[in-house]
Amino acid sequence: MKKLKKRFIIPAVVFILGMCALIGAIYVVGENQEQQNRTNAKLNAMTYAEHIHGELMDGIGVTDTLKQVVISCDGNINKFYDVAANMMDDSMQSIQIAPNGVVTAIYPEDMNESGKIDLINDSDRGEISRYARDNDTVIMQGPFELKQGGYGIAVRNPVYLKDENGKKSFWGFTIVIVKVPEIFSNSVEALSNFGYKYSLQKCASPWDDMYEWVYGSKKELNDPVIYDFDVHGDKWRLEILPKSGFYNNKYLIYMFIGGVIIVLLLTGLTAALIFINENRKNFKRLAMTDTLTGIYNRRGFDDQVEQYMRQNPQKHCVVAMLDIDDFKLVNDMYGHAAGDDVLKKLAESMKQYFSKDAILGRNGGDEFSIFMPDCTVEEVTPFLKKFTEETRKFYCKGEAHTFTISLGFAEYPVLADERSQLMRCADMALYGVKMHGKNGCMAYRKGDQVKSHAKLGFAMKDIIDNLPGAFIVYRADKENDEILLANSELLRLTGCKNMDELLAYTGKSFCNLIRPDEQESCQKSIWSQINGGHSNDYIFFHMRKADGTYISVLDHGRIVDSVHNGRVFYVMIMDLKSLHRHYGDRLELEEK
């Protein structure tokens with residue numbers, strides 16, 4: 001039920017979170033998109049408002065030019081039509097002069113005669129014209145419908161003349177009627193080409209704050225970008241809005257569809273990963289579990305113990321190794337089915353007897369291991385003794401038969417620095433029980449290694465100690481070259497009184513027998529020979545003695561696979577000085 005919930009709930013959560021993230025992302029993208037589009041629109045509004053300002057100033061410039069002509073002619077323009085014709089362009093409807101505020105001359109004359117009016121007193125134009133006269137400022141009035149068709153804006157520029165005393169007097173107006181939108185056609189056309197809707201507005205008079213629509217693709221825009229600007233005191237406003245709006249809805253829709261597809265893929269991937277992980281855990285459990293007994297196999301046991309010791313390097317713990325006495329006899333006499341029953345009975349009693357904190361494992365065959373965390377040998381000895389002495393039975397053909405076990409145990413970190421070494425100590429203790437008649441329980445003690453070396457696959461102690469030369473055995477491991485055995489001749493050669501002294505000054509490492517500056521080259525030579533297919537040829541080095549001095553030696557070894565210790569080196573070490581002393585002449589002849 002729990003697995004089913006995990007398979008459905010977690011993907012559902014991933015889907016919900018994914019959709020929330022997608023919606024949030026779309027919102028952020030939309031906001032960023034709007035901000036970017038608004039920024040671009042503001043820049044375009046500012047740019048084209050300045051263009052429109054410049055185009056209107058061109059119209060005002062015509063009135064300024066005409067104004068200078070009037071002033072230079074002292075108010076008399078005899079050739080107005082010629083001057084106006086030279087200044088006329090397509091953006092203008094007409095050019096006019098209005099002495100004393102009354103329009104008297106219009107160019108071109110065709111269809112403009114009716115436009116001759118008294119600007120100062122006109123009901124529609126009088127107020128703003130008087131404002132221009134009294135304040136000596138250019139005013140722009142409109143847009144208004146032209147009689148000739150279309151719309152225009154009147155630009156009126158007041159002209160003042162000075163008499164001989166320097167006193168200024170109002171002469172009249174120079175006027176240009178500019179066409180809308182021709183006067184700023186380039187700007188509005190560019191805005192349209194860039195994909196903007198726009199609205200150009202102006203205040204009816206300099207003292208008015210109400211904007212009137214002048215020209216645009218639309219009179220009213222929804223939430224546009226606004227840019228205000230002045231033209232000779234007249235207030236103008238340009239509003240622009242992207243035709244597709246500030247949000248690109250099509251892009252956001254595509255993004256949403258793509259995001260939904262990704263979320264669905266992630267949801268499916270999550271469901272697949274959960275399924276794969278569950279199967280991986282099942283496979284891992286099967287790979288680490290002994291199928292017959294249901295406890296850890298050797299690999300599983302080692303992994304669990306390694307993990308505990310790595311996480312709790314300072315805590316004391318105890319490892320016990322046990323096996324069934326005369327198990328081969330059980331198989332031979334009662335059959336393998338009975339043997340399997342015995343193994344299961346023992347595993348079941350281990351599960352019942354030891355706490356859940358203990359790690360139980362079957363190493364293979366009838367050999368089992370027990371790891372007890374956070375305890376010492378003294379604390380568990382009575383407990384293990386009682387477990388060993390329990391009566392155990394198995395049944396064959398309806399008859400009950402008893403079987404016994406032998407158990408050895410050792411403590412970390414008192415007797416070992418790491419798991420494999422601790423396991424070997426417990427194994428040695430178990431072997432000690434076997435040597436004392438089986439069906440017992442024994443803790444490993446320092447000094448037991450000599451008695452147990454026979455189980456390492458070596459010859460008897462007295463043979464080793466009487467070999468005609470220095471002999472040493474160490475582990476064939478670049479990272480852990482632990483010394484396992486040394487005979488009395490090697491102890492004599494190194495100046496050690498016993499095995500413990502040798503292990504103490506070398507730190508149990510064979511590498512520490514070699515002079516420090518030669519260690520790397522010696523190790524490289526040994527392993528290059530091994531990797532090249534040789535079992536290990538002669539190696540020359542200076543060996544460190546217990547008193548810190550060095551002697552020159554020859555090392556000749558063989559790499560061997562040991563049942564209990566894996567790959568080991570069997571090595572004979574010869575004193576080079578002694579060889580030269582006894583065989584120097586012969587060696588020289590051989591060399592010749």
- So, for F403 and F327, is the gap between ring centers shorter than 6.0 Å? no
Indicate yes or no: does [X] engage [Y] in a salt bridge with an N to O separation below 4.0 Å.
{"X": "R38", "Y": "D223", "value": "yes"}
{"X": "K438", "Y": "D325", "value": "no"}
{"X": "E348", "Y": "K345", "value": "no"}
{"X": "R475", "Y": "E482", "value": "yes"}
{"X": "D575", "Y": "K577", "value": "no"}

- Query: Which atom pair, heavy atoms only, marks the closest approach of A546 to C496?
  - Reply: CB-SG, 4.0 Å
- Least distance between heavy atoms, R392 atom then E390 atom: NH1-O, 3.3 Å
- Taking only residues two or more places apart in sequence, or in another chain, which ones meet K344 in a side-chain contact (heavy atoms from CB on, under 4.5 Å)? L292
- Task: Only counting residues at least two apart or in another chain, list the ones meeting side-chain contact (heavy atoms from CB on, under 4.5 Å) with I26.
- Result: L22, L252, M255, F256
- Query: Can K478 and Q523 be said to form a side chain to side chain contact (heavy atoms under 4.5 Å, CB included), step by step?
  - Reply: CA-CA 8 Å; K478 294 178 183 179; Q523 291 285 10; 5.8 Å; no
- Message: Side chains of D547 and Y505, heavy atoms from C-beta outward: is any pair under 4.5 Å?
- Response: no
- Message: Using side-chain heavy atoms (C-beta onward) and a distance below 4.5 Å, is C441 in contact with V433?
- Response: no
- Contacts of type side-chain hydrogen bond (donor to acceptor under 3.5 Å, both in side chains), residue S509, not counting sequence neighbours: D481
- For the residue pair Q36 and N40, confirm or rule out a side-chain donor-acceptor distance under 3.5 Å. yes
